[in-house]
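First comes the structure, then the notes that go with it.
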2 protein chains.
Amino acid sequence: MLDERKTAILRAVVQEYITTASPVGSTHIANAPGVKVSSATVRNEMAVLEQEGYLAQPHTSAGRVPTDRGYRFFVDHLAAPGPLDLQASQQVGAFFDSAHGRLEELLHQTTNLLAQVTHHAAVVVGPRAETAVVRSVQVVGLGGRTATVVAVLSNGTVENEQVELPVEMSELRLSAVSAHLQKHLPGSTLDAPRDLPATGDSDFDAVCAAAMQSLATTAAAEPVFVGGAASMARAFDAVDTVREVLNTLEQQFVLVSLVRDVLNRGLSVAIGAEHGVAPLVACSVIVKPVFVDGEQVGTVGVLGPTRMDYPQALATVEVVSERLGRRLSDGSN
Amino acid sequence: MLDERKTAILRAVVQEYITTASPVGSTHIANAPGVKVSSATVRNEMAVLEQEGYLAQPHTSAGRVPTDRGYRFFVDHLAAPGPLDLQASQQVGAFFDSAHGRLEELLHQTTNLLAQVTHHAAVVVGPRAETAVVRSVQVVGLGGRTATVVAVLSNGTVENEQVELPVEMSELRLSAVSAHLQKHLPGSTLDAPRDLPATGDSDFDAVCAAAMQSLATTAAAEPVFVGGAASMARAFDAVDTVREVLNTLEQQFVLVSLVRDVLNRGLSVAIGAEHGVAPLVACSVIVKPVFVDGEQVGTVGVLGPTRMDYPQALATVEVVSERLGRRLSDGSN
DNA sequence: ATTGGCACTCCAGGCTACCGAGTGCTAGCG
DNA sequence: CGCTAGCACTCGGTAGCCTGGAGTGCCAAT
């Protein structure tokens, strides 16, 4: 553990580096508020901090830069999660006050909100439809053996998928299928649908099964939304880094598992190499689950350079996750 | 109009520049196949081509670079739209052979396909739902005054939107509303829904109207999908250009109007400044409408640096638009 | 224990020189 | 008359050199 003075110095280095983006030297720190010693002392302390892995020097006789470990200490012990600044919080408020419409749309917009407020890339993972309760099911023929199966869930989302029916069926019989499903399914969930009573008509039963199967498959997917990827181009000036990061951002499954992984480890911040996704070593991730009635229904997060304003980003993600949860739980705000 | 020799030289310059990305000098051209004269003659001709605006010099004593006009001449007269190379065409074929599922998903995947094959950003604009015929409508209550209204259209897409009902309604009465809509709407389109017979129950009628209104609004939107934005980071090495282009790509409405605009002018290629979107002067756009039964239902396109392989890109977009159209028209391939 | 002072390091930026790719022009050739 | 070989010239990029400044580490003094 670091003594008070080292702590103060580390804090000052991180804060300075976050705003200036260039290595910070002992004299700056000596002048910083909260540090009451001379630059020589600061130099000594910084040498120690470097040995212990909190700081690094790009090269001899340059200033110091925080390491991942330095940032980690900063967010764990020094980043007072202070309140969101007024303008940002108004922006978030205004958004959730005026937001309306479908879940998907809402999540997508949330992504833009986060990106705008934090100036970082944002990622929102939506709820799996699996566990939501079915309110209504319907099968609509589209000619030939193709049909669309639609389910309205209790959380207001609509799952739909095209299916290839095992046998061709008249519109009339399809409505009978709809009616059959509509009668027995509502109230159960898509991952564990209630068993349908067999009707004795094998075609009929096969169509029902196909429809259910198809719904269960789509419902297993987690919808992911990414926004503000362009901000990554602003965060780095090495064009190679930008390329790598953008490429990775396009692979949504990487993002999803990244987010899940961080949450599983009980973290809300993963810094640089901590998250283990190689192309994103220069990035940190901040995630927060979204709860509705104590149940996790999704995740919101931002992804930016390790050199990011953690307190602000943490506060933003926190507020957004909270507002989003409230919004989803009662439908108003 | 350019004589044969100038034409050959221009072609050679464009081709060389497309592959090397650096200004091309007279000696390279003199050695190119199809040019049978000495470098001195090439120099003279290039001077003329420069005066006429087909070529430009980054600075005195550098090689020549094609101007927008040069590219334009190239695509109009020199870019033999030759067949798609085998590997690419197999990739496209494999994609459409195995693709299945919802329209949205299909369009989204198409975006990735295009991006992969061309190594450029891809944009796909989907059909408006407005003009599709309604097959089924349903209103499902979600508690309180909110409800979800769902419409299945003849093209297999599903439109859904949450609505705030003018009055609270029991589930039972909502099914009555559904039945009412279901009875009268199928067969008409969302932009011009058939007039519903008044029932005399003003609440009932108001709810119907609200549902219809909401559907009409969502149906007016054109779904846009963008993919492969990261390739822009590979296309340019000025990080500023990357920033600008990425920012613009995130503003989907700009893209939509860009695409529409180019099509309206009867073009399939817009080069550099031609398309009038300032931040994208360094980019060219290739678009192709997607037809189903002679009716345009969408647009596919790619967006890359002006220095792009036009024949290959044109061929790819052409094939994809054609396959997509076929896919959408009969549902199989 | 802290600090002022000092010698040292190393990068960034400005300057110069040079190389090479490329041009434009002209004189000569078929 | 059109083409080409040759030549002088231009100019950007790279390498080398220097210098100023920000920063460090260490030591001796307080």
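As the structure is a prediction and not an experimental result, all values here were calculated from the model. Letters A, B, ... are given to chains in the order of the sequence lines, protein chains preceding strands, and every chain is numbered from 1.
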Under a 4.5 Å cut-off applied to non-hydrogen side-chain atoms, are B/Cys283 and B/Val245 in contact?
yes
Can you find a heavy atom in the side chain of B/Val37 that is under 4.5 Å from one in the side chain of B/Glu45?
no
Residue of the set B/Val277, B/Thr248, B/Leu303 for which side chain to side chain contact (heavy atoms under 4.5 Å, CB included) holds with B/Leu255
B/Leu303
ring-ring contact (aromatic ring centres under 6.0 Å, His included) involving A/Phe73 - partner list, sequence neighbours excluded
A/Tyr54, A/His77
Give the rounded distance in Å between these two atoms: [atom1] of [X] and [atom2] of [N].
{"X": "A/His59", "N": "D/dA22", "atom1": "NE2", "atom2": "P", "answer": "14 Å"}
{"X": "B/Gln57", "N": "D/dG12", "atom1": "CD", "atom2": "P", "answer": "11 Å"}
{"X": "A/Tyr17", "N": "D/dA22", "atom1": "OH", "atom2": "C1'", "answer": "16 Å"}
{"X": "A/Ile9", "N": "D/dG23", "atom1": "CD1", "atom2": "P", "answer": "15 Å"}
{"X": "A/Asp3", "N": "C/dA1", "atom1": "CG", "atom2": "P", "answer": "13 Å"}
{"X": "A/Leu55", "N": "D/dG23", "atom1": "CG", "atom2": "P", "answer": "14 Å"}

Kindly calculate the angle separating the two end axes of the helix from C/dA1-D/dT30 to C/dG30-D/dC1, each obtained from five base pairs, and round it to 10 degrees.
20°
Output the single nucleotide from C/dT9, D/dG23, C/dC11 whose closest atom is nearest the side chain of A/Thr60.
C/dT9
Would you tabulate the side-chain donor-acceptor contacts of residues 46-53 of chain B under 3.5 Å, counting partners in other chains and residues two or more places apart, or write 'none'?
from: B/Glu50; atom 1: OE1; to: B/Arg64; atom 2: NE; distance (Å): 2.9
from: B/Glu50; atom 1: OE1; to: B/Arg64; atom 2: NH2; distance (Å): 2.9

Does a side-chain N or O from B/Arg64 land closer than 4.0 Å to OP1 or OP2 of C/dG22, or not?
no
Keeping B/Ser231 on the side-chain end and B/Arg234 on the backbone end, is there a donor-acceptor pair under 3.5 Å?
no
Between the main-chain N or O of A/Ala229 and the side-chain N or O of B/Glu250, is there a donor-acceptor pair closer than 3.5 Å?
yes
Salt bridge or not for A/Arg72 and A/Asp68, using N-O below 4.0 Å?
no
Could you list all N or O pairs between the protein and nucleotides 2-6 of chain D that sit under 3.5 Å apart?
from: D/dC3; atom 1: OP1; to: B/Arg5; atom 2: NH1; distance (Å): 2.6
from: D/dC3; atom 1: OP2; to: B/Arg5; atom 2: NH2; distance (Å): 3.1
from: D/dT4; atom 1: OP2; to: B/Ser38; atom 2: N; distance (Å): 2.9
from: D/dT4; atom 1: OP2; to: B/Ser38; atom 2: OG; distance (Å): 3.4
from: D/dT4; atom 1: OP2; to: B/Thr41; atom 2: OG1; distance (Å): 2.6
from: D/dT4; atom 1: O5'; to: B/Ser38; atom 2: OG; distance (Å): 3.4
from: D/dG6; atom 1: O6; to: B/Arg43; atom 2: NH2; distance (Å): 3.1

Tabulated below should be each protein N or O lying under 3.5 Å from an N or O of nucleotides 16-21 of chain C; please produce it.
none

Rounded to the nearest 0.5 Å, the CG atom of B/Leu258 sits from the CG atom of B/Leu263 at a distance of 9.5 Å
Nearest-0.5 Å distance, CD1 of residue B/Ile29 to OG of residue B/Ser39:
11.0 Å
Quiz: residues 305-313 of chain B side-chain donor-acceptor pairs under 3.5 angstrom, not counting sequence neighbours:
from: B/Arg307; atom 1: NH2; to: B/Ala235; atom 2: O; distance (Å): 3.4
from: B/Asp309; atom 1: OD1; to: B/Gln312; atom 2: N; distance (Å): 3.3
from: B/Tyr310; atom 1: OH; to: B/Ser284; atom 2: OG; distance (Å): 2.7
from: B/Tyr310; atom 1: OH; to: B/Thr306; atom 2: O; distance (Å): 2.6
from: B/Gln312; atom 1: NE2; to: B/Val117; atom 2: O; distance (Å): 3.3

